[in-house]
Protein chains: 2
Amino acid sequence: VKVSLVAVGSELLRTGFRETHSFWLTQRLEAEGFEVVSRQVVSDEEEEILRALEHARSRAFLVIATGGIGPTRDDRTREALAAAVGRRLRLHPRAETQVKSWCRRHRFPFTKSQRRQALFPEGALVLPNRVGSAPGIWFRDPQGIVLVLPGVFSELTAMFQPLAARLRSLPRSFPATAIFRSAGVGESRVDARIRATVRRFPRVEVTTLASPGEVTIQLRSRGPSAAAEVKRCRHRVAGVLGVDLVSERDETLEQVLLNLLRHRGWRLATAESCTAGLVAARLARVPGSSSVFPGGVVCYNDRAKERLLRVPRETLARWGAVSRPTALAMARGAARSLGAEVGVAVTGIAGPGGGTPLKPVGTVHWAVVHPGGRSALSRRLSGDREKIRAHAACLALDLVRRALLEKRSGAVRRS
Amino acid sequence: VKVSLVAVGSELLRTGFRETHSFWLTQRLEAEGFEVVSRQVVSDEEEEILRALEHARSRAFLVIATGGIGPTRDDRTREALAAAVGRRLRLHPRAETQVKSWCRRHRFPFTKSQRRQALFPEGALVLPNRVGSAPGIWFRDPQGIVLVLPGVFSELTAMFQPLAARLRSLPRSFPATAIFRSAGVGESRVDARIRATVRRFPRVEVTTLASPGEVTIQLRSRGPSAAAEVKRCRHRVAGVLGVDLVSERDETLEQVLLNLLRHRGWRLATAESCTAGLVAARLARVPGSSSVFPGGVVCYNDRAKERLLRVPRETLARWGAVSRPTALAMARGAARSLGAEVGVAVTGIAGPGGGTPLKPVGTVHWAVVHPGGRSALSRRLSGDREKIRAHAACLALDLVRRALLEKRSGAVRRS
């Protein structure tokens, strides 16, 4: 069954206000075997909601609208739905009972505006809302199903579970999918390398998504031989990407890295200058990371590098804070200070100020030290401060990953 | 002039792939005085694009579509546009010249599929694309204007600037706006506190957006007295929120905090356990922060707390890592180790494991030490690991902010 989503709310069209309900619903609906074919975001105006619902109904059998069913005058989704499906609004006794009991529980008077939440198009059913005041609406006619859920995220998520059970009676189809992650190479290079391979699988849809330093590749196919095809395609793509591939399963770079460390029985300490905690924060995102990640140091000025990491003053004076010798000294210092076998360091110029002709904004040095050797890397990254920092943090994790892979295969590289 | 956005691309409807073009375009269009009244995301199918364009044209005078104008067979926006506006597709000589010259520059053969990019609906104009191969389309008829821009972000952004100049001949209206940020109080409490105040300004639209620990409030109004009304409303709201208000202008919590530190001539060092670098990373997001933020320590296990922050072993043994005495010792240790006047510490249980009946998941302790005194806080935060960490990081910054404000007004609190 095809699904069309409609998010209602003027605020969702404002600068800086990201509409996240659709993303969440898409994820859940896909997992349930439904295909989202379109999304709309519209203002609170009744006419806009009405037209959006009509349009959505013309595109998909199942329409899910969120928002606009609260008690205030701005909440017009009920009226728009009634107009879109050609039914009158009526007080629904079961809905009224629910709103009343919510008001009682929260010691709110059951006013006329509260009562509006119990107005349902004729023939519609009540979707109980255990978190908030507004019950959801289930409407079905020969043209399809329209569901209206609250625009409050916690209410929406709480209501989805029982709803999903109900939707399972509709025809569903599960696509075969595979998710990969590569790190350390750009999206265009990944694209170019896998292009010829994926072209041999015309029924597999390939989408790539780039974030600074990483590329996520999604394979997707429907039909009887979909699973086998996706599997074969995955195998080929993995072969092409080689060591640039972080994971053939949906694992993050930090998960893979922590597993590599665990496998060797080593711990990792971080020393960060320009990334200032981003590398550590990514490692700590993984539950249980503390067993291999004791911690790290954020040394945002030279004095901190000397004090906490014992970077020799001469190194700083001679080579500067953004240099290979300083990065190596920082990595060694972090490992020593935190009693870890592996140390990784990143130091660079994130901008917008601080660049020089010899070390322009975006210049970053990384270093890894481990019992089998050490490696260092330097690159000039592009983009704004935020992007440079995110990219630098990602490449720090990736440098350790590559160093551990080399170590595992017996090679010791002294670059 | 009202604007309706249409983003074309099946990948934009997939799980995990966030559609960001619309957000960027909304921001730019608002700044130019246009009002975005609806957004749609549709698949690559021609029929879907056609219906979306028709629907968009029925809602707004200006329609901006992105994506689906490349050289591959999946790129069907041209055909859909021609059908939507009732014109035939024809080879546009100027567009052809541009595609040819792009192919020459990039040493690509000018194939039949490349040529498709020069197919334009009759009467449409060419929007030059200096970055990629596909020229954009400008179509105007009595019903309105339809623009089609590339789905590649760098091409889209490069093309917008000259386009904006061209759009300025259309009627525009700039709303008066104000953006506030509060920290340390939840969205519902902020809502409840400002409700009565904003009700007195019926022409001012109020939207709130919550992230863990912070609430952003946007005021917005159109019309002749909009600026004065927004200003008065802003003043009243600020009065109601008092010290919970981080900024009356569009400043972030970290910007405000760094300014408070600068004002006093103090530096801040961080000691993080469960947030593992998030506090430091937020401070370092602000360009120039290194003058007041020397750095910090991420101590993810007890040994790191002892080694780097000299937290006494007895404190850890007696009170545990997640406790007020440990938080205070960490804050002191960070300030001392990094030679800073102010130290802030956060230690807690982010979950999903590690909770105990006495210290369940979500338990967090914060501490600040500064020359005028110290303060500590503990709370039980809700949500998943990611949310607890983000919330804990935000409250750490906010605790320092509040401590500095108290200090400024002469009070010394020993809580």
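Here is how names work: the chains are called A, B, and so on, in the same order as the sequence lines, proteins then strands, and each is numbered from 1.
Exactly one of B:R59, B:Q40, B:R39, B:H55 qualifies for a side-chain hydrogen bond (donor to acceptor under 3.5 Å, both in side chains) with A:Q40. That residue is B:H55.
The candidate from A:S58, A:S22, A:A276 with the greatest count of non-hydrogen atom pairs under 4.5 Å with chain B is A:A276. Note on B:A281, B:G9, B:S4: by heavy-atom pairs under 4.5 Å with chain A, the leading option is B:A281. Of all the listed residues (B:R385, B:E386, B:R28), the one sharing the greatest number of non-hydrogen pairs under 4.5 Å with chain A is B:R385. The greatest number of non-hydrogen atom pairs below 4.5 Å with chain B, out of A:E54, A:R307, A:R282, is found for A:R307. In terms of heavy-atom pairs under 4.5 Å with chain B, the best-connected choice from A:G353, A:S43, A:G339 is A:G339. Of all the listed residues (A:C274, A:G351, A:S289), the one sharing the greatest number of non-hydrogen pairs under 4.5 Å with chain B is A:S289. Most heavy-atom pairs under 4.5 Å with chain A, from the set B:P294, B:P352, B:S38, B:A280: that is B:P294. Of all the listed residues (B:L5, B:V42, B:V37), the one sharing the greatest number of non-hydrogen pairs under 4.5 Å with chain A is B:V37. Per-residue heavy-atom pair counts under 4.5 Å with chain B were compared for A:E272, A:E30, A:R303, and the maximum is reached by A:E30. Chosen from B:A269, B:P287, B:G295, the residue pairing most often with chain A at heavy-atom distances under 4.5 Å is B:P287. Between chain A and the options B:E19, B:E48, B:E45, heavy-atom pairs under 4.5 Å are most frequent for B:E48. The most heavy-atom pairs under 4.5 Å with chain B, out of A:V36, A:D74, A:V6, A:L308, come from A:L308.
For A:R285, the parts lying near chain B are the backbone and the side chain together; criterion is any non-hydrogen pair under 4.5 Å. With a threshold of 4.5 angstrom between heavy atoms, A:V152 does not approach chain B through any atom at all. Only the side chain of A:R267 comes within contact range of chain B, with heavy atoms under 4.5 Å apart. Heavy atoms closer than 4.5 Å to chain B are found in the backbone of A:T208, but not in its side chain.
The pair A:R51-A:E47 counts as a salt bridge, with a side-chain nitrogen and a carboxylate oxygen less than 4.0 angstrom apart. Of the charged side-chain nitrogens involved, at least one lies within less than 4.0 Å of a carboxylate oxygen, so that B:E205 and A:R14 count as a salt-bridged pair. Salt-bridge annotation for B:K2 and B:E35: absent, with no side-chain N of the basic residue lying under 4.0 Å from a carboxylate O of the acidic one.
Taking the six-membered ring where the residue is Trp, A:F153 and A:W24 present perpendicular rings, their angle passing 60° and hence far from 30°.
When the shell of 6.0 Å around CZ of B:R310 is examined, it contains 12 or fewer heavy atoms from other residues, nucleotides or ligands.
Using modelled atom types, one side-chain atom of A:T347 and one backbone atom of A:A321 make a donor-acceptor pair closer than 3.5 Å. In this structure, B:T275 contributes its side chain and B:L278 its backbone to no donor-acceptor pair below 3.5 Å. A distance-only check finds no donor-acceptor pair linking the side chain of B:H21 to the backbone of B:A7 [under 3.5 Å].
Side-chain contact of B:D44 with B:S10: a donor-acceptor pair under 3.5 Å is present, judged by distance alone.
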